[in-house]
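Single-structure report; data block below.
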Amino acid sequence: MGTALVYHEDMTATRLLWDDPECEIERPERLTAALDRLRQRGLEQRCLRLSAREASKEELGLVHSPEYVSLVRKTQVLGEEELQALSRQFDAIYFHPSTFHCARLAAGAGLQLVDAVLTGTVQNGLALVRPPGHHSQRAAANGFCVFNNVAIAAAHAKQKHGLHRILIVDWDVHHGQGIQYLFEDDPSVLYFSWHRYEHGRFWPFLRESDADAVGRGQGLGFTVNLPWNQVGMGNADYMAAFLHLLLPLAFESQQDLTQPSGTLRGKCRPRQSASPTSHSCCRCWPAAGSAPCWSALESIQSARAAQAPYWKSLQLQDATPVPTSPSTHSPEGRPPPLLPGGPMCKAAAPAPAPAPAPSSFLDQPCLCPAPSVRTTVALTAPDTTLVLPPDVIQQEGSALREETEAWARPHKSLAREEALTALGKLLYLLDGMLDGQVNSGIAATPASAAAATLDVAIQRGLSHGAQRLLCVALGQLDRPPDLAHDGRTLWLNIGGKEAAALSMFHVSTPLPVMTGGFLSCILGLVLPLAYGFQPDLVLVALGPGHGLQGPHAALLSAMLRGLAGGRVLALLEEDSTPQLAGILARVLHGEAPPSLGPSSMASPEDVQALMYLRGQLEPQWKMLQVGAFTPQK
């Protein structure tokens, strides 16, 4: 399965026929510019192209009144003066003789995409549509929007495909009040919108765009508004919102389908690096040490507080931390150094900032060309029982014998032949990842040599181009004693004996005993630290006694794929390889991880360990500070 791209050139037909400064920005070029950029970046040809169809009268009627649909239909035969008079009856809208046809195509494109995804034709997709939809209401056009495309698609997914949980993420400068009105009492649709608000001084100037608008009736808690009250929100602000609000709710709700609404994001491009061999992180993510600004923290915490009565995942912040232990300081007995502070938001402006020129970083030469092989599995011997996706390969190559022996020499556990063989394959795979030939991989090692192999992988990565390396070690794996405390490596051990922050770059926590605790640990600790650190290589090591089930290991690996341009290397024990390698290969290749099963709450012990570590690390890691932030009154 791949990615679908749904489009129809007829959607460029509508245009403003009279002078109206408010509406003149809604023009065909908004659509053709996005398509041109996809073509320039070579993305269109990588998608399954689908031509949009018109939505039927019955499909439009899933969310719109018959009278309103009939009204829009009549615009096909109206003259310019009549169209202008009708347009004045609505807020920020214009009609054209082709509006009905274009709006039906826009709605139909979303329906086609839902059908393609839910029937398994594609894994995901993008619909390029015009006119937009998220402001449109049951019986009214609004804000350039005629038919509510995303709402129609969600209702269609429920009616035709029997879905019971749908997440709509509305990423747009304006609040999509139309979607909110249509689903505010519906607990089957979780609507999440982040938007410029400025305390109600930005269009659409609605009180119900604020954080305390949480739905009504049975839908209480299923409307989530994150209002930005200052302009200038950056990547760190959005990442904080992802980690501390959107993802916890998405996992707790366990949605069947995600419907994005609003602005199309461009292809990730890597940050320029001083080292020509290093593969630095994508510019879409915050730089290492960056932090959300004060206004963003205030907005996120206000939204968390408004939603906390309805979502257990947002109630952990009220837990009481355990007393500080001596192990929370650095080995020298001094507090660890602080990360640099984050950016300040710009002052609020009376009008929206003009759209930027084509982003300079999108035009930069790519330091991380697309690898020829996305995912590789390096086993000591081919496993005929291993089922892999068609384009995931089992690696046959190995590093030179002399080189492998040189790396193995300091470690007694690597002296055995089987350990040397596994190490040679690991080194070969790791070099391919660091050279940009392979994106992600899985390597096996004997259990007795797991710690030594991981040590070699870390040292090899740091000496061959990785500027910052994240190691997530699960099970009985201690941090290598000779690993420098220079900030180039972030060591996170899940499965340690106790919760401890020996330094800001050396963190250990017991393996959570409940699924809810595992999710809380990933979302509330691992990912904030990882995105604050911004590695350019990620190692996930499942060592002896790691205790993770396949779906949990898959989810962890999938969540870490957003880092380092997807350069994730999973290191497994040979005994567990037949069970785990197939699952991990699929998620590293881009497939969704399997379900974790029924939702469960974190145990009191899991909550206590998490809050203790967050309390210790918040002063050093700004991405952790949302839970501790107290809005000013």
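The figures here come from the full heavy-atom set of this structure, side chains too, leaving out hydrogens, waters and symmetry mates. Position 1 is the first residue of the sequence; numbering continues from there.
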Report yes if the side chains of W311 and S253 come closer than 4.5 Å at any heavy-atom pair, otherwise no. yes
Answer yes when E44 and R49 have at least one side-chain N-carboxylate O distance shorter than 4.0 Å, and no when they do not. yes
Of all the heavy-atom pairs spanning G461 and L430, show the shortest one and how long it is. N-CD2, 4.0 Å
Quick one: does any side-chain atom of D536 pair with a main-chain N or O of Q467 as donor and acceptor, under 3.5 Å? yes
Between CH2 on residue W407 and CG on residue L414, distance to nearest 0.5 Å: 12.0 Å
S503 OG to Q616 CD distance, which is reported to the nearest 0.5 Å: 12.5 Å
So, taking the atom named OG in S313 and the one named CG in L519, what distance separates them when rounded to the nearest 0.5 Å? 9.0 Å
Quick one: does any side-chain atom of R479 pair with a main-chain N or O of L483 as donor and acceptor, under 3.5 Å? yes
Is the number of heavy atoms from other residues, nucleotides or ligands within 6.0 Å of OH (Y428) greater than 12? no
Within the side chain of Q625, is there an N or O that forms a donor-acceptor pair under 3.5 Å with the backbone of E618? yes
Please assess M623 against M239 for the test side chain to side chain contact (heavy atoms under 4.5 Å, CB included), listing each intermediate value before the final yes or no. CA-CA 8 Å; M623 293 298 289; M239 185 53 58; 3.5 Å; yes
Closest non-hydrogen atom pair between S603 and V513, with its separation: OG-CG2, 3.6 Å
With a sphere of 6.0 Å drawn around CZ of R416, does it hold more than 12 non-hydrogen atoms of other residues, nucleotides or ligands? no
Does any non-hydrogen side-chain atom of S440 lie less than 4.5 Å from one of L569? no
CA sep, side-chain torsions, deciding dist, call: L423, T445, side chain to side chain contact (heavy atoms under 4.5 Å, CB included): CA-CA 7 Å; L423 181 62; T445 185; over 6 Å; no
Mind telling me whether W194 and F242 have parallel, tilted or perpendicular rings, with 30° and 60° as the class edges? perpendicular
Could you tell me if the side chain of L462 sits less than 4.5 Å from the side chain of T489, heavy atoms only? yes
How long is the gap from CD1 on I442 to CD1 on I583, to the nearest 0.5 Å? 10.0 Å
Say whether, by atom type as modelled, one donor and one acceptor occur between the side chain of Q123 and the main chain of G590 under 3.5 angstrom. yes
How many angstroms lie between atom CD of E418 and atom OG of S448, to the nearest 0.5 angstrom? 6.0 Å
Keeping E252 on the side-chain end and K312 on the backbone end, is there a donor-acceptor pair under 3.5 Å? yes
By ring pair (Phe, Tyr, Trp, His ring centres under 6.0 Å), H589 pairs with (sequence neighbours left out) none
Has the side chain of D435 got a donor or acceptor atom that lies under 3.5 Å from a matching backbone atom of G432? no
Exceeds 12 heavy-atom contacts within 6.0 angstrom, atom CD of Q45: yes
Can you check side chain to side chain contact (heavy atoms under 4.5 Å, CB included) on L48 and T121, steps first, answer last? CA-CA 9 Å; L48 173 64; T121 303; 4.1 Å; yes
I need the minimum non-hydrogen distance between H411 and D455, along with the two atoms involved. CE1-OD2, 3.0 Å
Under 6.0 Å between ring centres: does that hold for W621 and F505? yes
N/O donor to acceptor pairs below 3.5 angstrom from side-chain atoms of residues 537-566, sequence neighbours left out:
| from | atom 1 | to | atom 2 | distance (Å) |
| --- | --- | --- | --- | --- |
| H546 | ND1 | L548 | N | 2.9 |
| H552 | NE2 | T515 | OG1 | 3.3 |
| S557 | OG | A553 | O | 3.0 |
| R561 | NE | L588 | O | 3.1 |

At their closest point, which heavy atom of V392 faces which heavy atom of A585, and how far apart are they? CG1-CB, 4.2 Å
Any donor and acceptor pair, going by atom type alone, linking the side chain of R488 with main-chain N or O of R468 inside 3.5 Å? no
Looking only at non-hydrogen atoms, find the nearest pair between L584 and A570 and report the distance. CD1-CB, 4.2 Å
Can you check whether D606 reaches C521 side chain to side chain, under 4.5 Å on heavy atoms? no
Could you pull out all residues at least two apart from N493 that satisfy side chain to side chain contact (heavy atoms under 4.5 Å, CB included)? A473, W491, S508
Partner of V438 under side chain to side chain contact (heavy atoms under 4.5 Å, CB included), picked from R374, R567, M433, is M433
Can you name the nearest heavy-atom pair linking K425 to Q395, along with the distance? O-NE2, 3.0 Å
Using side-chain heavy atoms (C-beta onward) and a distance below 4.5 Å, is T375 in contact with N439? no
Is there a donor-acceptor contact under 3.5 Å from the side chain of R614 to the main chain of L624? yes
With a 4.5 Å heavy-atom cut-off, do L249 and L314 have their side chains touching? yes
How many angstroms lie between CZ in F518 and CG in L511, if you round to the nearest 0.5 Å? 7.5 Å
Kindly indicate whether the side chain of F533, heavy atoms from C-beta on, has any atom under 4.5 Å from the side chain of L529. no
Would you please test L474 and V472 for side chain to side chain contact (heavy atoms under 4.5 Å, CB included) and show each step? CA-CA 7 Å; L474 297 107; V472 182; 4.2 Å; yes
Measuring only between side-chain heavy atoms, which start at C-beta, is L167 closer than 4.5 Å to V169? yes
Side chain Q534, main chain Y531, donor-acceptor under 3.5 Å: yes
